[in-house]
Amino acid sequence: MFAALTAIWLVPIVAALLTPLAAFLGDKFRASLAIAAGSVTAVVAAYSAVAGWSGVEAVAWVELPGMGVVGFGYRVDPVSLLFANLVAWISLAVFIYSVSYMRGDPGLTRYWFLMLVFLGSMELLVLADNLLLLFFCWEIVGVCSFLLISYWYTDDEELRRVQWVGEPPEEYPPSHCGLKAFLTTRVSDSFLLASLVVLSLRLGTLSLSELLEKLPGSSDAILPVALLLAAVGAMGKSAQLPFMEWLPDAMSGPSSVSALIHAATMVKAGVYLVSRLSQLALAWSPSVDARPFFYYVACTGMATSLIAALQAGAAGELKKTLAYSTASQLGYM
C-alpha cells in the first residue's frame with residue numbers, strides 16, 4: 001500500500017522534472033507525458049478507494065527537538081481518498097483540455113512543469129498523516145498558484161483586455177495579481193504555522209493519528225486557540241473572509257489554471273484542513289472546549305457565502321463573477 005500511495009504523488013513530480021527533456025522531443029510528447037502522469041495518478045487513486053484501503057503507513061523522516069523522529073507517512077481514510085480522487089480526476093480532465101487550449105503558447109514547458117508539481121504536491125497534502133508534511137506541501141501548492149496566476153508575467157499591454165483582470169481604469173496586470181495572492185495567503189499561512197508550533201510544544205507531535213489518540217487535559221486551554229489559528233490558515237487558502245479578495249484577481253492566469261487550482265482543487269485544501277481539524281476538535285471535546293472553533297468556521301462560512309454572492313451579482317466582469325461565486329460556494333463547504 002505504501003508504494004502505491006507514493007506513486008500517486010511521486011509520478012507527477014518525476015514527470016515534472018522530465019518535462020524540460022520532453023520539450024526537446026516535441027510538444028506532443030511533452031503533453032503526452034503530463035497526461036500519462038495524470039492518468040497514473042487518477043487510476044491508482046481510484047484503485048485505492050475501490051480496494052477499501054485504510055490505516056496509517058509511515059517511515060522515519062526527520063528528527064526534531066522536542067518531537068523526536070517525525071514520520072513521513074500517509075493517512076488513508078474516506079476523507080483523504082475522497083480528496084485524492086477529486087484532485088486526480090479533475091487534474092486529468094484539465095490536462096487533456098490544456099493540450100488544445102494552450103497550443104502555441106511559448107511558455108508551455110513552464111506551464112506543464114508547474115501543473116505537474118502542483119498535482120503531486122496537492123496529492124501528498126491530502127494523503128499526509130503529519131501536519132508538518134501537510135504544511136510543506138501547503139506552501140508548495142501556494143508557490144505554484146502564485147507562478148501560474150502570474151503566468152503571463154510580461155503584463156503585455158496589447159493583451160490587456162484578455163489577460164488583465166478588472167474593469168477600466170482599475171485593471172490589474174497578471175504580475176500584480178500573482179503577488180497579491182501570494183502575499184495574502186502568506187499572511188494566513190503564518191497563522192497555520194503558529195498553530196503547528198503550539199501543537200508541537202504542547203503535545204509533542206504533529207501526527208494526525210497521535211493527535212487524535214491523545215486526550216489533552218482540561219488545563220490545556222491553549223489547544224482551542226491552536227485550532228482557531230489553524231482555521232484562519234484554512235480560510236486564507238479557501239479565500240474566505242477576510243482573505244477573500246485574492247481569488248478574483250487570480251483569474252488573470254490561463255483559464256485552465258483557474259479551473260484546476262482556483263476553483264476545483266487548491267482552494268479545497270482549506271476545506272480539507274477544516275475537516276481534519278474538526279476530527280481533532282471532536283476527539284478532544286471531552287476535556288477541551290472546542291466550540292469556539294466550530295463557531296468561527298460556521299460564522300466565517302456564512303458571512304463569506306452571503307458577501308461573495310452579492311459581489312458576484314454586482315461584478316461587471318465574467319471572470320470576477322465566477323471567482324466570487326467560487327468563494328461563496330467554498331463558504332458553504
Report summary line: d(Thr41 OG1, Asn85 CG) to nearest 0.5 Å is 11.0 Å

**Report entry** Check ion pair Asp249-Lys319 (N to O, under 4.0 angstrom)
**Finding:** no

Report task. Output, in order, the C-alpha distance, side-chain angles, deciding distance and verdict of side-chain contact (heavy atoms from CB on, under 4.5 Å) for Thr304 and Met244. Result -> CA-CA 8 Å; Thr304 306; Met244 183 176 65; 3.8 Å; yes

Report summary line: side-chain contact (heavy atoms from CB on, under 4.5 Å) test vs Leu124 passes for just one of Ile140, Thr6, Leu133, Leu134, namely Leu133

Query - Passing option when Phe95 is tested against Trp89, Tyr101, Trp112 for ring pair (Phe, Tyr, Trp, His ring centres under 6.0 Å) - result: Trp112

Report task. Show the numbers, then the answer: is there a salt bridge (charged side-chain N to carboxylate O under 4.0 Å, His left out) between Arg276 and Asp129? Result -> CA-CA 10 Å; Arg276 289 301 190 200; Asp129 176 60; over 6 Å; no

Query - Test item: Met115 and Leu119 side chains (from C-beta on) under 4.5 Å apart, heavy atoms - result: no

Query - Criterion side-chain contact (heavy atoms from CB on, under 4.5 Å) on Lys268 and Ser238, from CA distance to verdict - result: CA-CA 6 Å; Lys268 304 297 189 298; Ser238 289; over 6 Å; no

Query raised in the report: Counting only heavy atoms not in Phe2, do more than 12 fall under 6.0 Å of its CZ?
Result: yes

**Report entry** Considering all heavy atoms, the nearest Leu206-Ser200 contact
**Finding:** CD2-N, 4.0 Å

Requested in this report: Using a cut-off of 6.0 Å, state whether more than 12 heavy atoms not belonging to Arg186 lie near its atom CZ.
Outcome: yes

Requested in this report: For residues Leu125 and Val87, determine if any side-chain heavy atom of one lies less than 4.5 Å from a side-chain heavy atom of the other.
Outcome: no

Report summary line: Note: Val141 and Ser121 closest approach over all heavy atoms is CG1-CB, 3.7 Å

Requested in this report: Grab the two heavy atoms, one from Ser275 and one from Val79, that are nearest each other, plus how far apart they are.
Outcome: OG-CG1, 3.7 Å

Report task. Mind running side-chain hydrogen bond (donor to acceptor under 3.5 Å, both in side chains) on Ser54 and Asp77 for me, showing each step along the way? Result -> CA-CA 5 Å; Ser54 63; Asp77 59 13; over 6 Å; no

Report task. State, yes or no, whether a side-chain contact exists between Tyr151 and Arg110 at a heavy-atom distance under 4.5 Å. Result -> yes

**Report entry** From CG (Leu330) to OG1 (Thr300), nearest 0.5 Å
**Finding:** 13.0 Å

Query raised in the report: Heavy-atom count around Tyr153 OH within 6.0 Å, excluding the residue itself: above 12?
Result: no

**Report entry** Interatomic spacing from OG1 in Thr184 to CZ in Phe146 - rounded to 0.5 Å
**Finding:** 12.0 Å

**Report entry** Any Phe83 side-chain heavy atom under 4.5 Å of Glu123 side chain
**Finding:** no

Report task. For residues Pro254 and Met102, determine if any side-chain heavy atom of one lies less than 4.5 Å from a side-chain heavy atom of the other. Result -> yes

Query raised in the report: For the atom pair CG (Leu199) and OG1 (Thr205), what is the distance rounded to the nearest 0.5 Å?
Result: 9.5 Å

Query raised in the report: Would you call Ser91 and Leu260 a side-chain contact if the rule is heavy atoms closer than 4.5 Å?
Result: yes

Query - Between CE on residue Met122 and CD1 on residue Ile8, distance to nearest 0.5 Å - result: 13.5 Å

Query - Heavy-atom closest contact (Ser278 atom, Phe293 atom, distance) - result: OG-CE2, 3.6 Å

Report task. Would you check if there is a donor-acceptor pair between the side chains of Tyr324 and Gln329 at a distance under 3.5 Å? Result -> no

Report task. Start with the C-alpha distance between Arg30 and Leu25, add both sets of side-chain angles, then the distance that settles side-chain contact (heavy atoms from CB on, under 4.5 Å), and finish with yes or no. Result -> CA-CA 7 Å; Arg30 178 176 51 196; Leu25 302 177; over 6 Å; no

Query raised in the report: Thr326 and Leu247: side-chain contact (heavy atoms from CB on, under 4.5 Å), yes or no, with the steps?
Result: CA-CA 9 Å; Thr326 299; Leu247 186 58; 4.1 Å; yes

Report summary line: CZ of Phe113 to CG of Leu108, rounded to nearest 0.5 Å, is 15.0 Å

Query raised in the report: Less than 6.0 Å separating the ring centroids of Trp53 and Tyr47?
Result: yes

Query raised in the report: For residues Ser256 and Tyr111, is any side-chain donor paired with an opposing acceptor at under 3.5 Å?
Result: yes

Query raised in the report: Do the non-hydrogen side-chain atoms of Tyr296 and Leu227 ever get within less than 4.5 Å of each other?
Result: no

Query raised in the report: Considering all heavy atoms of both residues, which atom of Thr19 and which atom of Ala15 are nearest to each other, and what is their separation?
Result: OG1-O, 2.8 Å

Query raised in the report: Do the non-hydrogen side-chain atoms of Trp152 and Ser252 ever get within less than 4.5 Å of each other?
Result: no

Query raised in the report: Is the shortest side-chain N to carboxylate O distance from Asp105 to Arg103 below 4.0 Å?
Result: no

